[in-house]
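Worksheet: the structure to be examined is printed underneath.
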Amino acid sequence: MRCKMLTAAAVVMLMMTAGCSTLERVVYRPDINQGNYLVANDVAKLHTGMTQQQVAYTLGTPMMKDPFGSNVWYYVFRQEPGHEKVTQQTLTLTFDGNGVLTNIDNKPNLTDVQG
């Protein structure tokens, strides 16, 4: 009878601690990186007046272009470290009708030199 009580107590204890966040840290979770990896030095090379070809040479192909033809390019980098908070870097570039860069929107600002 005592063995059954200990087994039942162990099962109940295991079920109660199964959802604890301390046990979650023990489980391996890989880092997940998606999108365009941006380096501060490359972003600093951008300036208004550049052509689309010059921007593509500097940063590579954008992750997404505006599907409605308004000449907006999006460079998005999303990083999800295993047990840390998700971060996202979005660089939005706007071109005029001639393909010349007119606006640079970098959120959040990429200021630290990476890579």
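Keep in mind that this is a model prediction, so the values were computed, not measured.
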Q | Pairs flagged by side-chain hydrogen bond (donor to acceptor under 3.5 Å, both in side chains) wherever residues 90-105 is involved - sequence neighbours left out | A |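 As it turns out, the side-chain hydrogen bond (donor to acceptor under 3.5 Å, both in side chains) pairs with a partner in residues 90-105, which skip direct neighbours, are Gln88-Thr90.
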query = Is Val72 reachable from Ile104 through a run of hydrophobic residues whose side-chain heavy atoms are each under 4.5 Å from the next?
reply =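 As far as the 4.5 Å side-chain criterion goes, Val72 and Ile104 are not connected within one cluster.
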Hphob cluster co-occupancy, Val76 + Leu59, side-chain heavy atoms under 4.5 angstrom =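 Not linked; separate clusters.
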Kindly indicate whether the side chain of [X], heavy atoms from C-beta on, has any atom under 4.5 Å from the side chain of [Y].
X	Y	answer
Gln54	Leu101	no
Gln89	Asn106	yes
Tyr75	Asp42	no

Can you tell me how far apart [atom1] ([X]) and [atom2] ([Y]) are? Round to the nearest 0.5 Å.
X	Y	atom1	atom2	result
Arg78	Met63	CZ	CE	10.0 Å
Gln79	Gln34	CD	CD	11.0 Å
Phe77	Thr87	CZ	OG1	7.0 Å

May I ask you to decide if Thr61's main-chain N or O and Asn36's side chain share a donor-acceptor pair within less than 3.5 Å?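 Yes; judged by distance alone, with no hydrogens or angles, the pair exists.
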Q | For Gln52 against Trp73, the heavy-atom pair lying closest together | A |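 Here Gln52 and Trp73 meet closest at O-CH2, 3.5 Å.
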task: Specify the closest pair of heavy atoms between Phe95 and Met50, including all atoms of both residues, with the distance to one decimal.
output: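 In terms of heavy atoms, the two residues are closest at CE2-O, 4.4 Å.
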